[in-house]
Amino acid sequence: MKTEILPVNESSLRLSKEIITSGGAVAFPTETVYGLGANAFDNAAVENIFKIKGRPNDNPLIVHVHKDYDISSLVSYVPEYAKALAKAYLPGPLTMVYKSKGTVSKAVSCGLDTLAIRIPSHEGAQEFLKYVNLPIAAPSANISKHVSPTSAEHVYYDLNGKIRLILDGGNSSGGIESTVLDCTGDSPVILRSGLVTREMIEKIAGSCGEYVLKEGEAARSPGMKYKHYSPNCRTMLFEFCDLQKAVVEYKKNKADGEKVKILCDDKTAEIIGEADILNLGKTESEIAANLYLKLREGENSASLIIAIAPEKQDGIMVGVMNRLKKACGSKL
Ligand code: TXA
Ligand code: MG
């Protein structure tokens, strides 16, 4: 199959609708990462998404809808705190999990009685979702366990030949996946941290829990238990306080003939000085936006990435650290 990358316009939207309504998959931009979408009502189309990605079939998908879509046809109950959160932060990088009405394909939630709904803010995503006017089940548009894509080129690298169309909406400005929030209980619980932070949620909802997967327990958000976001090269991760140890590792591996790069923020890069650096940038938003971009750049130009955690790890850095640890298979 020939894979085309097209800008979001009338003719590519028409093509995307043709593909979606005939049971195919379309990659589309969002403000977090690119998604690989299929009609959430079409069982075979949803199952095909799992096949294309090589995704384990117990890891449920998020359903994406445009901002005027009536989600009461998909979910049975939306608590007051969730309505307030939606008013404050949607459209945006926040996915909310509700009790499902069971109207979408069973393959979307992999047997769970809940459904994750996301209303992305990216203009291209809104145009696509509005044009097809269907709930779109979409995981990130990467091969399972690889780094999530933040550009049309990243999607092409992973899925060339496997899908017909990639809608190109430029680089994703957010850079890490949406916050996943369980809204089925009396108060919200974060299942995956992201750009909508715990502090932001608490400000609106009063309280907010954070779910931590315990050894041997069935995951409430099955995606948590899998290795994720990994570049195709060796990785190491050091805390900022272990910076000197990281530099020693860098020098040792370089002397052994490895092609080594250090992944760190701009402040750390200045302290290190002369070295081969994948610079994540200065501000927290830049660091999040560049994380996957730099991991992909690293895997294509190095045999070892030595990542150094940012010094400050609150706010959106909670999500960045979560992804860094998973990318480096680390228990830091
Ligand atoms: O930003 C994002 O969320 C991106 C873009 C494309 O929207 N999507 C994304 O999808 O990251 P994916 O499939 O890579 O991650 C979905 C996460 C998984 O951790 C999954 O376990 C969780 O959402 N999830 C989906 N449905 C769920 C449900 N009903 N209950 C609990 N967790 C759920
Ligand atoms: Mg993913």
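All ligand and atom numbering here is 1-based and tracks the order in the structure. What you see is a predicted model; the values in this text were computed from it and never measured. Every heavy atom of this structure was used, including side-chain atoms; hydrogens, water molecules and symmetry mates were not.
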Distance filter under 4.0 Å to [X] heavy atoms, resulting ligand 1 atoms:
| X | value |
| --- | --- |
| P139 | 10 (O), 12 (P), 13 (O) |
| H64 | 5 (C), 6 (C), 7 (O) |
| G35 | 6 (C) |
| S178 | 1 (O), 2 (C), 3 (O) |
| L61 | 25 (C), 26 (N) |
| T114 | 28 (C), 29 (N), 30 (N) |
| R118 | 1 (O), 2 (C), 3 (O), 5 (C), 7 (O) |

ask   = Does Y69 have its ring centroid less than 6.0 Å away from the ring centroid of H66?
value =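 Ring centres of H66 and Y69 closer than 6.0 Å.
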inquiry  = Show, in sequence, the C-alpha distance, side-chain angles and deciding distance for E10 and Y131, and conclude whether the side-chain contact (heavy atoms from CB on, under 4.5 Å) test is met.
reply    = CA-CA 9 Å; E10 179 62 29; Y131 201 96; 3.2 Å; yes
key: Donor-acceptor contact below 3.5 Å, side chain Y34 vs main chain S172   =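 No, Y34 side chain to S172 backbone: no donor-acceptor pair under 3.5 Å.
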key: Whether E202 side chain and S207 backbone form a donor-acceptor pair below 3.5 Å   =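 Not at all, since once roles are kept as given, no pair shorter than 3.5 Å links the two residues.
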query = Do the charged groups of D314 and R198 touch, with an N to O distance under 4.0 Å?
reply =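 No.
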inquiry  = Regarding atom 8 (N) of ligand 1: of the candidates C110, S140, S148, which has the closest heavy atom?
reply    =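 Comparing heavy atoms across C110, S140, S148, the nearest one to atom 8 (N) of ligand 1 lies in S140.
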query = Do any nitrogen or oxygen atoms of N59 come within less than 3.5 Å of a nitrogen or oxygen of ligand 1?
reply =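 Min N/O separation from ligand 1 is below 3.5 Å for N59.
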